[in-house]
Amino acid sequence: MSGAEPPVVDFPLRRPGEPFPPPRYEEYRRQRGLVLSYLPNGNKCWLVTRHEDVREVLTNRGISSNPDHPGFPNISATMGVPRQEQIPGWFVGLDSPEHDRFRKALIPEFTVRRVREMRPAIERTVDERIDALLAAGNQADLVAEFALPVPSLVISTLLGVPPVDRDFFESRTRTLVAIRASTDQQRDTATKELLRYINRLVAIKEKWPGDDLISRLLATGTIRAQELSGVLLLLLIAGHETTANNIALGVVTLLANPAWIGDDRAVEETLRIHSVADLVSLRVAVEDVEISGQLIRAGEGIVPLVGAANHDAEVFACPHAFDPSRAERHHVAFGYGVHQCLGQNLVRVELEIAYRRLFERIPTLELAVPIEELPFKYDGVLCGLHELPVRW
């Protein structure tokens, strides 16, 4: 175990025009042990870049995901996400055993079987959005008109939001995640409006339950009523922009690699190669731990770089190549361990249906601008596109 500190590197916030993953990630992986950096606020943190080390961090019981611990690497406020103490049920920042109670209650809602039952509703949602694209003309911003609405509408169906309310639900969700197009005040207002709406929806489901996630959670009683709104808002936020980013980036990738259009294996490879949640799995040591021979003291922040892990050449052959036929499938795009994304089965099906139906129904789809002019967003903890101009 080494207590010596390696040279310090700049914290890997995105630089304008920089490709993803940044070339720096490869340099970091070549270093022995971990990489020392400092957050913009001056706090010390360790960057973790190798696939094996990232999985170790995400399963080590001496490492916490709770942002209330001293030294937690709070990078920035994104997507209007509130701090967990402000909203009961914000379980993503809890550790076991508190976290486990929420996760166990939600797992049955995202099984392969349950998601299979949702396929017809997802297909209807995707087709309705494509109908709207075609009715509006022969060009569109695929982020605003397709990638963002689809996951919002799918989640509204899952929660049992009445059709009459879905425009409101989708518009507030869009405001919440539109970092460039909305202000902090607008996102804060959207958060409050969504919470008020969710509270009313929960009250309605208590009196008139239906065949939806809220009604089933109320029936189990595992999640307390005062926690349910926070849980539902978390599901909405966690499942919306990440899925939207994957849809948009996947479409660009398939347009650049048309031989893979229609092959469902492309879903897994787009998840790996884009790793949109690169800076989401933030952690802090709550006791002294050793990762890759490096001593991490209690109270020191840890930043697993998911994009770096998913481009580790020791694990993925030619990691920068888009190759859906590759045998290596154990990427960490959905995280790893007890905090691995609950909705990963749903995300996979949404992507598969979105890609398949879009290219089946609009076979002449093409970019309306050169790929190098697309406004990629690597300005927060998530990667994606601000806009995706297309035509057909």
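In what follows, every heavy atom counts, from backbone to side chain, and hydrogens, waters and symmetry copies are set aside.
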S.K.: Does His274 form a side chain to side chain contact (heavy atoms under 4.5 Å, CB included) with Cys383? I'd like the steps, not just the answer.
M.R.: CA-CA 8 Å; His274 293 300; Cys383 308; over 6 Å; no

S.K.: Before you tell me yes or no, could you show the steps for Arg265 and Trp260 under side chain to side chain contact (heavy atoms under 4.5 Å, CB included), namely the whole-Å CA-CA distance, both residues' side-chain angles and the distance that decides it to 0.1 Å?
M.R.: CA-CA 8 Å; Arg265 290 177 295 174; Trp260 293 105; 3.5 Å; yes

S.K.: Would you check if Ile237 and Thr191 make a side-chain contact, meaning some heavy-atom pair closer than 4.5 Å?
M.R.: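 No, too far: nothing below the 4.5 Å cut-off.
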
S.K.: Would you check, one step at a time, whether the test salt bridge (charged side-chain N to carboxylate O under 4.0 Å, His left out) holds for Glu241 with Lys377?
M.R.: CA-CA 12 Å; Glu241 192 181 5; Lys377 61 175 179 182; 2.3 Å; yes

S.K.: If I take atom CD from residue Gln226 and atom CG from residue Asn199, how far apart are they, to the nearest 0.5 angstrom?
M.R.: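 Answer rounded to 0.5 Å: 11.0 Å.
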
S.K.: Consider only side-chain N and O atoms of Asn345 and Thr111, and report whether a donor and an acceptor are under 3.5 Å apart.
M.R.: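 No pair is found: no donor N or O on one side chain lies under 3.5 Å from an acceptor on the other.
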
S.K.: Mind checking whether Phe146 and Val390 have side chains closer than 4.5 Å, heavy atoms only?
M.R.: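 In short, these two side chains do not touch, never coming nearer than 4.5 Å.
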
S.K.: What distance separates Ile63 CD1 from Leu282 CG, expressed to the nearest 0.5 Å?
M.R.: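 Between Ile63 CD1 and Leu282 CG, I get 12.5 Å after rounding to 0.5 Å.
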
S.K.: Does Arg216 come within less than 4.0 Å of Glu109, counting only side-chain N to carboxylate O?
M.R.: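 Salt bridge present between Arg216 and Glu109.
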
S.K.: What distance do Phe91 atom CZ and Arg103 atom CZ have between them, rounded to the nearest 0.5 Å?
M.R.: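 Rounded to the nearest 0.5 Å, the CZ-CZ separation comes out at 7.5 Å.
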
S.K.: Distance under 6.0 Å and angle within 45° of the ring axis: does Arg272 meet both against Phe316?
M.R.: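 Here Arg272 passes the 6.0 Å and 45° test against Phe316.
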
S.K.: I'd like to know if the side chain of Arg101 reaches the main chain of Thr222, judged simply by a donor and an acceptor atom lying under 3.5 Å from each other, with no hydrogens or angles considered.
M.R.: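 It does hold such a pair.
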
S.K.: Between Asp278 and Tyr25, do the side chains contain an N or O donor and an N or O acceptor separated by less than 3.5 Å?
M.R.: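 Note: Asp278 and Tyr25 side chains meet the donor-acceptor criterion.
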
S.K.: For Gln294 and Trp46: C-alpha separation, side-chain torsions, deciding distance, then whether side-chain hydrogen bond (donor to acceptor under 3.5 Å, both in side chains) applies.
M.R.: CA-CA 10 Å; Gln294 176 63 53; Trp46 295 96; over 6 Å; no

S.K.: What I'd like to find out is whether the side chain of Leu346 reaches to under 4.5 Å of the side chain of Val154, using heavy atoms alone.
M.R.: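 Touching, per the 4.5 Å side-chain cut-off.
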
S.K.: Please give me the minimum heavy-atom distance between Val286 and Ser64, naming the atom from each residue.
M.R.: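 That closest heavy-atom pairing would be CG1-CB, 3.6 Å.
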
S.K.: How about Pro22 and Arg24: do any of their side-chain heavy atoms sit closer than 4.5 Å?
M.R.: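 They are in contact (side-chain heavy atoms under 4.5 Å apart), so the answer is yes.
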
S.K.: For the pair Phe359 and Leu365, evaluate side chain to side chain contact (heavy atoms under 4.5 Å, CB included) and give the outcome as yes or no after the intermediate values.
M.R.: CA-CA 7 Å; Phe359 287 108; Leu365 188 74; 4.0 Å; yes

S.K.: What pair of heavy atoms forms the shortest contact from Thr243 to Leu351, and how long is it?
M.R.: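 Closest approach of Thr243 to Leu351: O-CD2, 4.1 Å.
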
S.K.: Cut-off 3.5 Å, side chains only: do Glu366 and Trp392 have a donor facing an acceptor?
M.R.: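 No, no side-chain donor-acceptor pair sits under 3.5 Å.
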
S.K.: Using a strict 4.0 Å threshold on nitrogen-to-oxygen distance, state whether Lys192 and Asp188 make a salt bridge.
M.R.: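 Answer for the salt bridge query: yes.
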
S.K.: Does atom CZ (Arg329) have a neighbourhood of more than 12 heavy atoms from anything else shown, all under 6.0 Å?
M.R.: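 It does: Arg329 CZ has more than 12 such atoms within range.
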
S.K.: Do you know the tightest heavy-atom contact between Ala244 and Pro151?
M.R.: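 Scanning both residues completely, I find the closest heavy atoms to be N-CG, 4.0 Å.
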
S.K.: Answer yes when Asp127 and Arg361 have at least one side-chain N-carboxylate O distance shorter than 4.0 Å, and no when they do not.
M.R.: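 Judged by the 4.0 Å cut-off on N to carboxylate O distance, Asp127 and Arg361 do form a salt bridge.
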
S.K.: So, the side chain of Arg326 versus the backbone of Cys318: is there a donor-acceptor pair under 3.5 Å, distance only?
M.R.: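 Present.
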
S.K.: Any Lys/Arg nitrogen of Glu352 or Arg119 sitting under 4.0 Å from an Asp/Glu carboxylate oxygen of the other?
M.R.: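 Looking at Glu352 and Arg119, the cut-off is met.
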
S.K.: Nearest 0.5 angstrom please: Ile214 CD1 to Glu206 CD, how far?
M.R.: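 Between Ile214 CD1 and Glu206 CD, I get 10.0 Å after rounding to 0.5 Å.
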
S.K.: Asn43 and Tyr38: side-chain donor and acceptor closer than 3.5 Å?
M.R.: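 On atom types as modelled, these side chains do not qualify, holding no pair under 3.5 Å.
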
S.K.: Output yes when a side-chain donor or acceptor of Lys205 lies under 3.5 Å from a complementary backbone atom of Leu159, and no otherwise.
M.R.: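 Looks like no, no N/O pair under 3.5 Å.
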
S.K.: Using the six-membered ring wherever Trp is involved, compare the ring planes of Phe168 and Tyr197 and label them parallel, tilted or perpendicular (cut-offs 30° and 60°).
M.R.: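 Ring orientation of Phe168 relative to Tyr197: tilted.
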
S.K.: Where the side chain of Ser215 meets the backbone of Pro209, is there a donor-acceptor pair that is under 3.5 Å apart?
M.R.: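 Side chain of Ser215 to backbone of Pro209: no pair is present.
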
S.K.: If you take all heavy atoms of Asn245 and Leu385, which pair is closest and at what distance?
M.R.: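 Heavy atoms of Asn245 and Leu385 come nearest at OD1-N, 4.4 Å.
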
S.K.: Kindly assign one of parallel, tilted or perpendicular to the pair His99 and His339, based on the angle between their ring planes and the thresholds 30° and 60°.
M.R.: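 Aromatic pair His99/His339 classed tilted.
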
S.K.: For residues Pro162 and Leu201, determine if any side-chain heavy atom of one lies less than 4.5 Å from a side-chain heavy atom of the other.
M.R.: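 With C-beta onward as the side chain, the pair touches.
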
S.K.: Checking Asp141 side chain against Leu388 main chain: does a donor-acceptor pair fall under 3.5 Å?
M.R.: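 Yes; at least one donor-acceptor contact below 3.5 Å.
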
S.K.: If the threshold is 4.0 Å, N to carboxylate O, is there a salt bridge linking Arg30 and Glu26?
M.R.: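 Looking at Arg30 and Glu26, the cut-off is met.
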
S.K.: Determine yes or no for a side-chain-to-main-chain donor-acceptor pair under 3.5 angstrom, with Asn257 supplying the side chain and Thr253 the backbone.
M.R.: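 Between the backbone of Thr253 and the side chain of Asn257 there is a qualifying donor-acceptor contact (under 3.5 Å).
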
S.K.: Are Pro324 and Glu268 side-chain neighbours, meaning at least one heavy-atom pair lies under 4.5 Å?
M.R.: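 No, too far: nothing below the 4.5 Å cut-off.
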
S.K.: Do any N or O atoms from the side chain of Asn246 and from the backbone of Leu271 form a donor-acceptor pair under 3.5 angstrom?
M.R.: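 Flag not set: sc Asn246 to bb Leu271 has no pair under 3.5 Å.
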
S.K.: Just how far is it from atom CG of Asp53 to atom CG of Leu58, taken to the nearest 0.5 Å?
M.R.: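 Interatomic distance, Asp53 CG to Leu58 CG, rounded to 0.5 Å: 11.0 Å.
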
S.K.: Do His51 and His311 have their ring centres less than 6.0 Å from each other?
M.R.: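 That pair fails the under 6.0 Å test.
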
S.K.: Got a second to check how far Ile223's CD1 is from Phe102's CZ, nearest 0.5 Å?
M.R.: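 Reported to 0.5 Å precision, the distance equals 6.0 Å.
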
S.K.: For Gln185 and Thr189, which I'm curious about, is there any donor-acceptor pair between the side chains at under 3.5 Å?
M.R.: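 A donor-acceptor contact under 3.5 Å links the two side chains.
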
S.K.: With the threshold set at 4.0 Å, does a side-chain nitrogen-carboxylate oxygen contact exist between Arg224 and Glu227?
M.R.: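 Yes.
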
S.K.: Compute both the distance and the angle, then confirm whether Arg55 meets the cation-pi test with Tyr336: under 6.0 Å from the six-membered ring centre, within 45 degrees of the axis.
M.R.: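 Because its charged atom sits under 6.0 Å from the ring centre and within 45° of the axis, Arg55 does stack over Tyr336.
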
S.K.: Would a distance-only check, ignoring hydrogens and angles, find a side-chain to backbone donor-acceptor pair under 3.5 Å from Gln31 to Tyr28?
M.R.: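 No.
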
S.K.: Would you mind checking if Asp288 and Arg297 are paired as a salt bridge, meaning a charged N to carboxylate O distance below 4.0 Å?
M.R.: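 Salt bridge between Arg297 and Asp288, a charged N being under 4.0 Å from a carboxylate O: yes.
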
S.K.: Which heavy atom of Gly89 sits nearest a heavy atom of Val231, and at what distance?
M.R.: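 Nearest heavy atoms, Gly89 then Val231: O-CG2, 3.4 Å.
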
S.K.: For a side chain to side chain contact (heavy atoms under 4.5 Å, CB included) check, start with the C-alpha distance between Ile296 and Ile291, then their side-chain angles and the critical distance, and finish with the verdict.
M.R.: CA-CA 7 Å; Ile296 303 175; Ile291 301 292; 4.0 Å; yes

S.K.: Is Glu52 atom CD crowded by more than 12 heavy atoms from other residues, nucleotides or ligands, each under 6.0 Å away?
M.R.: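 Incorrect, the count does not exceed 12.
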
S.K.: With heavy-atom distances below 4.5 Å as the criterion, would you say the side chains of Val8 and Val35 are in contact?
M.R.: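 The answer is no, as the side chains (C-beta and beyond) never meet within the 4.5 Å cut-off.
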
S.K.: Cut-off 3.5 Å, side chains only: do Ser325 and Asp323 have a donor facing an acceptor?
M.R.: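 There is such a pair (donor and acceptor under 3.5 Å, judged by atom type) between the side chains of Ser325 and Asp323.
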
S.K.: State which residue, out of Arg116, Arg357, Arg356, fulfils the salt bridge (charged side-chain N to carboxylate O under 4.0 Å, His left out) condition with Glu123.
M.R.: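 Checked Arg116, Arg357, Arg356 against Glu123; only one passes salt bridge (charged side-chain N to carboxylate O under 4.0 Å, His left out): Arg356.
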
S.K.: Does some side-chain heavy atom of Val347 sit less than 4.5 Å from a side-chain heavy atom of Phe334?
M.R.: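 Contact flag for Phe334/Val347 side chains = yes.
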
S.K.: Write down the atom of His240, the atom of Leu148, and the distance for their closest heavy-atom approach.
M.R.: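 Taking His240 first and Leu148 second, the nearest heavy atoms are NE2-O, 2.8 Å.
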
S.K.: Do Arg113 side-chain atoms and Pro108 backbone N/O form a donor-acceptor pair below 3.5 Å?
M.R.: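 No; judged by distance alone, with no hydrogens or angles, the pair does not exist.
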
